Amino acid sequence: MKKALALTMAAAMALSLAACGGSESASSAADSTASSAASAESTAEGAGDEKVTLNWAVWDLESTAYWKAMADGYMAANPNVTIEMTDLGSTDYMTQLATQLAGGNGELDILTIKDIPGYSNLINLGMLEPMNDVLERDTADFGGVIEQLTADDGNFYAVPFRSDFWVVYYNKDIFDEAGIAYPTNDMSFSEYDALAREVHEKTGLYGCHYHTWRSAVSLFGILDGEHTIVDGNYDFLKPYYETILAEQADGVCADYGELKTSGLHYSAAFENGQSAMVNMGSWFIATLQKYNAEAASNGVDPVNWGIVKYPHPDGVAAGTTLGTVTSLGVNVNSENKEAAEDFINWCVSDEGAAAIAATGTFPAVSSDSINDIIAATEGFPEDEASKEALTTAAVYLEMPLSDKASDIEQVLNTEHDAIMTGAETVDEGIANMNEQVGAILNG
């Protein structure tokens, strides 16, 4: 895929997914009393009247509000269906899922797809039911996501219900104390660098913060729409690595090696006022809302924060950003395929999208009214710029669909670590990326 498809949509916001590892556990979200009372009035259009129990594979069940909201919403409309959730934990979730499905296991019906490499792997293993003839909603409503999830055989095997996109979080108090204007919703990458340097010079604090994920640094490079992270040539990443390494050398941002050693989480760096800005995914919004809601009882000060759209390369439209999707698929060996498919169609309906948004999470199909729901959640910043930041011009997938995505990602992560720690120069690291990924693509 030489050029990534832009996802022109109101992109997605998600609750923070705490890594809680885990043992498998099943949890039913059914309210039997409500189901019994409503059963005479409401039935599943796709599932019929017969009693059905669906088993849904998820992660972090207890700490992620939208799982239960989706299950409860569907069961309220379809009282003949009971949805039970199997929590496989967030650590190595996709590996755990593939293991559960091995040998034709049909116990899991609905499969949550967490990432693109895992999605590609499940397709290659023949574990997912094609969704082309299942999805009832117009694929155009997903703003290009379905096309990016379509395999070489012309089929897509999962339907996105939620999407995450990257913004810049900033501490209003730090900017106020420094007498510097807040970041804006139209900020180039070079302007972002200059602003971070100005804050550092006037306050002595870090002007910005980059988490140790490769995506926090290198993926500024895909926002021009001309490159993807699976192309095999990574010369386009050079100016971004050079800029951020220069910030690191000048004390504008924290040292990558020290972050790796200390294990400092981006949330702590921002919440504790160590950094004026941090580029991070939309899931961090809910983390900050929760932090501020509990601040008084925890004996800490709340964070006076806001968000703006992601910094973009010169000549690229404001609101262009990068993101990921979370999708739902059907186990090819499920004995309840029709009911599972009906559930997925409900999740991407207007009703399902509203249920997801009510938890503070952006659905994959969104609108101004969905943005209004998110902006009205408790603790969301009240300024108009933060609300405006929820609407994007284009969102490029961090990792496009590729049957070699996992191998490519391993190489890029290794070289990223070497570049950021100074073990290799930028030129050496990029040369290694080009050579090793080229070998993978041509192998």
Side-chain angles (χ1 to χ4, degrees), residues 7-17 63-70 73 141-143 145 160-173 175-176 181-187 266-267 270-271 277-295 302-312 317-326 347-395:
L7 316 181
T8 50
M9 65 180 184
M13 181 171 71
L15 296 176
S16 175
L17 301 178
S63 60
T64 307
Y66 51 78
W67 302 133
K68 189 174 186 298
M70 294 162 71
D141 291 346
F142 297 85
V145 179
F161 71 92
R162 177 199 119 195
S163 157
D164 298 312
F165 70 107
W166 285 59
V167 295
V168 168
Y169 299 79
Y170 67 97
N171 186 312
K172 294 181 179 180
D173 289 341
F175 279 87
D176 289 342
Y182 296 155
T184 72
N185 276 316
D186 187 357
M187 186 168 50
Y266 62 84
S267 59
F270 187 72
E271 291 163 354
M277 296 185 290
V278 61
N279 62 325
M280 188 47 59
S282 50
W283 55 83
F284 189 36
I285 292 173
T287 302
L288 288 172
Q289 289 172 310
K290 184 174 186 291
Y291 179 87
N292 280 353
E294 298 174 352
V303 182
N304 184 16
W305 60 283
I307 59 172
V308 291
K309 297 181 181 186
Y310 211 57
H312 57 85
T320 302
T321 186
L322 56 106
T324 61
V325 294
T326 308
C347 289
V348 298
S349 68
D350 290 343
E351 183 181 0
I356 294 169
T359 69
T361 306
F362 258 87
V365 287
S366 196
S367 64
D368 289 343
S369 61
I370 293 297
N371 287 358
D372 290 340
I373 293 173
I374 299 294
T377 56
E378 184 70 26
F380 188 86
E382 296 181 357
D383 63 283
E384 286 301 314
S386 291
K387 181 178 179 181
E388 182 186 346
L390 299 179
T391 301
T392 61
V395 180

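Note that the coordinates shown come from a computational prediction; the quantities given were computed from them, not determined experimentally.
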Salt bridge (charged side-chain N to carboxylate O under 4.0 Å, His left out) filter on Glu351, not counting sequence neighbours, yields none
Taking side chain as C-beta onward, heavy atoms only, is Lys172 less than 4.5 Å from Val303?
no
Do Thr321 and Lys309 pass the side chain to side chain contact (heavy atoms under 4.5 Å, CB included) test, and can you show the C-alpha distance, the side-chain angles, and the key distance before you say yes or no?
CA-CA 8 Å; Thr321 186; Lys309 297 181 181 186; over 6 Å; no
Closest heavy-atom pair, Pro160 versus Val348, reported as atoms and distance to 0.1 Å, is O-CG1, 3.5 Å
Over all atoms of both residues, closest heavy-atom pair of Val395 and Gly323:
CG1-N, 3.5 Å
Closest heavy-atom contact between Trp166 and Gly281?
CD2-N, 3.8 Å
Where do Thr326 and Phe161 land on the side chain to side chain contact (heavy atoms under 4.5 Å, CB included) test, with the steps shown first?
CA-CA 6 Å; Thr326 308; Phe161 71 92; 3.6 Å; yes
Pairing residues for Tyr170 by the ring pair (Phe, Tyr, Trp, His ring centres under 6.0 Å) criterion, not counting sequence neighbours
Phe175, Tyr182
Rounded to the nearest 0.5 Å, what's the gap from CD on Glu382 to CZ on Phe380? Could you check?
10.5 Å
Using 30° and 60° as the class limits, which term best fits the ring planes of Phe284 and Tyr266: parallel, tilted or perpendicular?
perpendicular
For the residue pair Phe270 and Tyr169, categorise the inter-ring angle as parallel (less than 30°), tilted (30 to 60°) or perpendicular (more than 60°).
perpendicular
Can you list the steps and then say if Asp350 with Val365 is a side chain to side chain contact (heavy atoms under 4.5 Å, CB included)?
CA-CA 8 Å; Asp350 290 343; Val365 287; 5.9 Å; no
In terms of heavy-atom contacts, Ala318 and Ala393 come closest through O-CB, 3.4 Å
For Gly306 and Ser386, the nearest pair of non-hydrogen atoms, with its separation, is CA-OG, 3.5 Å
Starting at CG of Leu390, measure out to CD1 of Ile370 and round the result to the nearest 0.5 Å.
11.5 Å
Under the criterion side chain to side chain contact (heavy atoms under 4.5 Å, CB included), I'd like the reasoning laid out for Asn371 against Phe362: C-alpha separation, chi angles, the key distance, then a yes or no.
CA-CA 8 Å; Asn371 287 358; Phe362 258 87; 2.5 Å; yes
Heavy atoms only: give me the nearest Ile373-Ala357 pair and the separation to one decimal.
CG2-O, 3.5 Å
With sequence neighbours left out, the residues meeting ring pair (Phe, Tyr, Trp, His ring centres under 6.0 Å) with Tyr291 are none
side-chain contact (heavy atoms from CB on, under 4.5 Å) with Gln289: which of Thr287, Asn292, Ile285?
Ile285
Is there a side-chain contact between Glu384 and Glu388, using heavy atoms and a 4.5 Å cut-off?
no
Decide yes or no for Asn279 and Pro311: does some side-chain heavy atom of the first lie under 4.5 Å from some side-chain heavy atom of the second?
no
